[in-house]
Amino acid sequence: MEMQEIKKDLFSMPENYLLAHCISADAKMGAGIAVQFRKKFKLSSLQDAAGRKELVVGKCYKVGRVLNLITKPKYWQKPTYETLTLALRSMKDVCIQESVTHLAMPEIGCGLDKLQWGKVREIIAAEFNDTDVNIVVCRL
């Protein structure tokens with residue numbers, strides 16, 4: 001695993017990168033960077049699944065080139081480091097199953113969700129340390 005943090009618009013990453021972000025199990029995606037993900041990548045299938053209560057906290061759901069990490073039950077709640085870790089572990093499983101080697105994300109869980117980036121970075125490094133995934137963290 002290789003991880004780098006760069007100043008770049010996440011949505012300008014090359015097409016060979018899957019893009020990851022955190023959402024709630026109700027898949028509202030009404031605030032923060034999730035709004036851009038919802039509009040840009042047409043995540044209505046995920047919202048349909050949420051309407052049927054099929055999304056599970058701690059899981060990662062791939063839709064196109066987007067990895068959606070479910071880190072909390074409802075949009076107004078906050079994730080924990082435990083739910084984020086479970087979702088990251090699930091994302092790692094998806095990456096291994098689908099031979100994903102390039103992943104880009106914002107400082108996940110640290111915007112509106114208020115987790116601390118230093119701790120989140122450590123969790124990402126610990127979860128992906130035995131993989132060949134190249135992770136780029138984009139910030140503006």
Side-chain angles (χ1 to χ4, degrees):
M1 188 267 313
E2 187 179 317
M3 184 163 54
Q4 59 180 322
E5 299 175 41
I6 62 173
K7 183 175 180 174
K8 184 175 178 124
D9 177 2
L10 176 68
F11 299 110
S12 70
M13 290 299 290
E15 290 290 320
N16 64 320
Y17 279 82
L18 293 190
L19 307 181
H21 72 131
C22 297
I23 65 170
S24 54
D26 60 12
K28 296 296 184 195
M29 295 181 273
I33 197 169
V35 173
Q36 292 173 269
F37 271 95
R38 179 176 45 81
K39 289 179 179 176
K40 191 171 191 67
F41 297 103
K42 299 173 181 52
L43 300 176
S44 58
S45 64
L46 202 61
Q47 291 177 307
D48 292 344
R52 295 188 301 271
K53 306 212 182 311
E54 294 174 359
L55 301 182
V56 177
V57 174
K59 293 291 183 190
C60 172
Y61 297 88
K62 182 176 179 283
V63 178
R65 69 183 279 232
V66 178
L67 295 169
N68 301 276
L69 285 77
I70 312 298
T71 59
K72 56 192 178 185
K74 301 288 183 188
Y75 73 90
W76 67 82
Q77 297 173 318
K78 299 295 181 209
T80 64
Y81 291 108
E82 181 181 350
T83 59
L84 179 69
T85 300
L86 291 171
L88 285 166
R89 197 166 292 153
S90 178
M91 180 171 71
K92 173 185 169 181
D93 292 342
V94 170
C95 288
I96 291 168
Q97 289 166 7
E98 302 209 7
S99 301
V100 173
T101 57
H102 292 82
L103 186 58
M105 64 183 74
E107 291 178 332
I108 57 172
C110 298
L112 297 173
D113 283 337
K114 305 290 189 208
L115 297 178
Q116 297 299 310
W117 175 242
K119 176 80 172 151
V120 172
R121 182 193 310 115
E122 289 175 10
I123 295 168
I124 294 168
E127 289 301 320
F128 281 83
N129 70 350
D130 61 345
T131 72
D132 292 326
V133 180
N134 174 24
I135 299 172
V136 177
V137 178
C138 299
R139 66 169 74 87
L140 292 175

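Considering only heavy atoms from C-beta on, F128 comes within 4.5 Å of L103 through its side chain. Side-chain atoms of I124 and L88, non-hydrogen and from C-beta on, do get closer than 4.5 Å to each other. Looking at Y61 and L43, their side chains never come closer than 4.5 Å, going by heavy atoms from C-beta outward. Two residues are said to be in side-chain contact when any heavy atoms from C-beta on lie closer than 4.5 Å; T131 and C95 fail this criterion. Annotation: side chain of V100 is not in contact with side chain of V94 (no heavy-atom distance under 4.5 Å). Side chains of E5 and W117 form a contact here, defined as non-hydrogen atoms less than 4.5 Å apart. Taking the side chain as every heavy atom from C-beta outward, L46 and V66 never approach each other to under 4.5 Å. The shortest distance between side-chain heavy atoms of L140 and D9 falls below 4.5 Å.
Annotation: D132, atom CG; neighbour count of heavy atoms from other residues, nucleotides and ligands within 6.0 Å does not exceed 12. More than 12 heavy-atom neighbours from other residues, nucleotides or ligands sit within 6.0 angstrom of NZ on K78. A 6.0 Å sphere centred on NZ of K42 holds no more than 12 heavy atoms belonging to other residues, nucleotides or ligands.
V120 is connected to L69 through a chain of hydrophobic side-chain contacts under 4.5 Å among Ile, Leu, Val, Met, Phe, Trp and Tyr, so both are in one cluster. Following chains of ILVMFWY side-chain contacts shorter than 4.5 Å, one cannot reach L19 starting from L84, and the two form parts of different hydrophobic clusters. Residues L18 and V137 share a hydrophobic cluster, clusters being chains of Ile/Leu/Val/Met/Phe/Trp/Tyr side chains in contact below 4.5 Å. Transitive grouping of hydrophobic side chains (ILVMFWY, heavy atoms separated by less than 4.5 Å) keeps Y75 and I23 in distinct clusters. The same ILVMFWY cluster, assembled from side-chain heavy atoms under 4.5 Å apart, contains both I135 and L115.
With V56 as the fixed residue, the side chain to side chain contact (heavy atoms under 4.5 Å, CB included) test singles out one of K59, K53, E54: K59. For the pairing with E127, the salt bridge (charged side-chain N to carboxylate O under 4.0 Å, His left out) check across R89, R121, K92 returns one residue only, R89.
Using the six-membered ring where Trp is involved, H102 and Y17 have ring planes that are perpendicular, over 60° apart on the 30 and 60° scheme.
When atom types are taken as modelled, the side chain of S90 and the backbone of L86 share no donor-acceptor pair closer than 3.5 angstrom.
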*After noting the C-alpha distance and the side-chain angles of M29 and V35, does the key distance pass the side chain to side chain contact (heavy atoms under 4.5 Å, CB included) rule?*
CA-CA 5 Å; M29 295 181 273; V35 173; 5.9 Å; no
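The line from NZ of K62 to CD of E98 is 4.5 Å long, rounded to the nearest 0.5 Å.
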